[in-house]
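Working notes, structure below.
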There are 2 protein chains.
Amino acid sequence: MSELIESKPADAGLAAEARKLDAADELAGLRTRFVLDDAVYLDGNSLGALPVSVPGRLADVVYREWGELRIRSWDESGWWTAPERIGDRIAPLVGAAPGQIVVGDSTSVNVFKALVAAVRMADADADADAGANGTVDGTGAGAGDAGGRRRDEILVDATTFPTDGYIAESAARMTGRTLRPVTPSEVPAALSDRTAAVLLNHVDYRTGRLHDLPALTAAVHRAGARVVWDLCHSAGALPVGLDEHGVDLAVGCTYKYLNGGPGSPAYLYVRHDLQPRFDSPLPGWTSHADPFAMHPAYEPTTGARRGRVGTPDILSMLALETALDVWQWGGAPGGAGGDGDGDRVTIESVRAKSLALTDFFLRCVATYVPEGRVESLTPTAHAERGSQVALRCDDAGDVMKRLIHQGVVGDFRHPDVLRFGFTPLYVSFADVERAARVLGETLGSLGQVRRS
Amino acid sequence: MSELIESKPADAGLAAEARKLDAADELAGLRTRFVLDDAVYLDGNSLGALPVSVPGRLADVVYREWGELRIRSWDESGWWTAPERIGDRIAPLVGAAPGQIVVGDSTSVNVFKALVAAVRMADADADADAGANGTVDGTGAGAGDAGGRRRDEILVDATTFPTDGYIAESAARMTGRTLRPVTPSEVPAALSDRTAAVLLNHVDYRTGRLHDLPALTAAVHRAGARVVWDLCHSAGALPVGLDEHGVDLAVGCTYKYLNGGPGSPAYLYVRHDLQPRFDSPLPGWTSHADPFAMHPAYEPTTGARRGRVGTPDILSMLALETALDVWQWGGAPGGAGGDGDGDRVTIESVRAKSLALTDFFLRCVATYVPEGRVESLTPTAHAERGSQVALRCDDAGDVMKRLIHQGVVGDFRHPDVLRFGFTPLYVSFADVERAARVLGETLGSLGQVRRS
């Protein structure tokens, strides 16, 4: 770094403050549960770091469960029930009671299941209303797929991660609806009696903006529609409160703040009272009421298991299960960060640290980075901030390459965004101070280079 | 076993013949590439045995690629291109040139993609024909989803593994078609100008019957329809010849004869000339022409990659990639079983051994098993036999439990089928003789018990 010309010197006050914050951090001890090196890893919102417990468990799954027990493991090692068992491990992190989450497939595939099912629920609601008013037209409950005379619109978050929009377009096409992209703030005004379902992101993948899940869910419900929330960028970083806020359906990935590993299976939440009405567009054999009877006719099972499709992907799924162990305080029930419910790390304590980390990062950036060189796209209000900070920067692609070269790993989002994710389980305040300092040095150096 | 009363004594001739057959087996050396124990494992058609190479590779994927390189592995470790790269490894086993197979998702999900895409191709064919005849009605290419005025029927193998039928029902519902279950032998007579697409199994999961892929494919094409083949029970056990026979689309799992591990990702074949017309119902971001530009509008990429959906499941996918190494003769190009194309184990040599194994098993069963106690559901004609033998047996559930207890592992299919799968890569003729002998002893013993 000696060749870089620093525009602002390191601030001894910030470094000292970082040390103090780390010393007081009740979650600091969790860092040792991850495989980390000298780099500052601020890309856990893309791929979570490796939990120390995973390699050993995966070796056991491979050698003993697959290699020795082979097919017996479907019963004896609990492979068959893994999707709902691991769903129940995720549940407390997103504010869901047990029995409402299944793990499996990718986020995209789960968006398709959830959104099509939501539209079908809206049709069933309309049929029920029509029946109550004596105006049933005899087209039956299945008419919604071909018809669309009733609630004919799906609203989709126009700022969503693209795959949700692509899948929503397919869901609209295949259920005979019109897809209407709107920003989350436009949703309340866009809702009407034409709205069948709404697909929203809890946290914007690009800007890190946190949307108001309780208010938007309530607005969708007032319009008589169903809402599907994508939790990819919030689950594991902040409280979601699915049950508390009456969310209908939700999906999320497990490889970001849940540290499940590259491409680890996603999950689907179906609220308890809606499960009997969950009509999947992907009714695979593992969601059958009696899968091993091999009936030619499909009869859905009960519960969240209705969201299952094919044979579960065991290696990735059990790696995820082990990764979730980091949320347990080993042998310290009720200890620091515990919630009294066994010895779980609470999502509230994680959220508090997350906000402290991003607050501190924004302060360090303001101190270290040359004036006007970056612009934060992430809201300053806590209620509107996820667990990342996005900085707009003209030469963001080049800048991120230089940061990574210097051991500060964030990522670049086309065309001009530097994205930094803060995983409270393993990111320290010292990391934050260093990241901002290196960013400041890098931008200062580039500024000098340009002027020369 | 001394307490069992044998109805027929062990046949020294068959045991000696098994030794002779094993000594002459050019594939015998492959057995050491798998983790096997003293059991006779005849359930590789449910879950293939663990290849010796997998644990080490998976440890490297976890420790180094995920733990150390983290997100850099998407590029540097080739994670991003794994679906098509591993597809190209499967391709020669099913008679496909490179660039036509992608790996990912479950078989069920791939059946959905393939069947919906097949129906849409049929619609596009009809539109093109109508255009050529000057009768286009102006409803456009998308009309097929809501309409069904043209080719309004999907035929599905009534003997299929249930999930295919369930998913076909959903595909029919969502494309506005009627689903008509017929046995494969009834397909030629059932085909008409109403047929949009046909979903067939190459090998019946229950009986082990091999269907005539070339003739059925030709019949479907003569009717102007598209065919989707499910290769779960044939790929890796016998030649499929996808390109040679002009198959349109195909799917298959990788955890049976391809030994990819529990729930390892499935694959999708889209014939080269049909790829520009592959219109996926699950257009996820990883099949976008420029996925990292994060465009709000979907534009499909070219090639088999159009079949991709979400983020690939890396741990399971790379375990599968390593498992496919068993098909290479290490350092012995052109050696025994090689096909001159590098040093690949040929599917023809595997097929020859498979038929020899099942022939020998049927002979051993005829010798060892009390007359009339079991009935083979598997055809005797080689052209109609997959790589398994299914024996109907009144007390099959109880019998299979006893067999497994004695180290002969097959499986039970409700209500009365004993199913034995023969993976030529690791099953020996001595295994076959022992399995039939223990079956005979068990059935003899049960017969005695009954009479007492």
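Chain letters run A, B, ... following the sequence lines, proteins first, then strands; residues in each count from 1.
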Counting only non-hydrogen atoms closer than 4.5 Å, does A/F34 touch chain B with its backbone (N, CA, C, O), its side chain (CB onward), both, or neither? neither

Heavy-atom cut-off 4.5 Å, strictly under: side chain, backbone, both or neither for B/P296 against chain A? backbone

Could you tell me which portion of B/P312 (side chain, backbone, both or neither) has an atom closer than 4.5 angstrom to a non-hydrogen atom of chain A? backbone

Check whether the side chains of B/T311 and A/S106 place a donor and an acceptor atom closer than 3.5 Å, and report yes or no. no

B/S287 versus B/Y298, side-chain donor and acceptor atoms under 3.5 Å: yes

Run the side-chain hydrogen bond (donor to acceptor under 3.5 Å, both in side chains) test on A/T159 and A/T183 for me, step by step, so that the C-alpha distance in whole Å, both residues' side-chain angles and the decisive distance to 0.1 Å come before the verdict. CA-CA 6 Å; A/T159 62; A/T183 63; over 6 Å; no

With a 4.5 angstrom heavy-atom cut-off, could you sort out which part of B/R413 is near chain A: side chain, backbone, both or neither? side chain

Proximal component of B/A319, with respect to chain A [non-hydrogen, under 4.5 Å]: side chain

If I measure from the heavy atoms of chain A, does B/A297 come under 4.5 Å with its side chain, its backbone, both, or neither? backbone

Please identify, among B/I404, B/I71, B/V62, the residue contributing the most non-hydrogen atom pairs under 4.5 Å to chain A. B/I71

Looking at chain A, which one of B/H414, B/R72, B/E169, B/M294 has the largest number of heavy-atom pairs inside 4.5 Å, strictly under? B/M294

Contacting moiety of A/H288, where chain B heavy atoms sit under 4.5 Å: side chain

Against chain A, label B/S316 side chain, backbone, both or neither, depending on which of its atoms sit under 4.5 Å from a heavy atom there. both

Polar side chain donor-acceptor pair, B/T178 to B/D152, under 3.5 angstrom: no

B/Y166 portion near chain A, given a 4.5 angstrom heavy-atom threshold: both

Counting heavy-atom pairs under 4.5 Å with chain A, the top scorer among B/V409, B/T286, B/L282, B/D164 is B/L282

Side chain / backbone / both / neither for B/E65 at chain A, heavy atoms under 4.5 Å: neither

Within the 3.5 Å criterion, strictly below it, is a donor on B/S264 or B/T254 matched to an acceptor on the partner's side chain? yes

Proximal component of B/N259, with respect to chain A [non-hydrogen, under 4.5 Å]: backbone

Quick one: what part of B/D105 sits under 4.5 Å from any heavy atom of chain A, side chain, backbone, both or neither? side chain

Are B/R308 and B/W80 in a cation-pi contact, defined as NZ or CZ under 6.0 Å from the six-membered ring centre and within 45° of the axis? yes

Quick one: is the NZ or CZ of A/R70 closer than 6.0 Å to the six-membered ring centre of B/Y41, and within 45° of its axis? yes

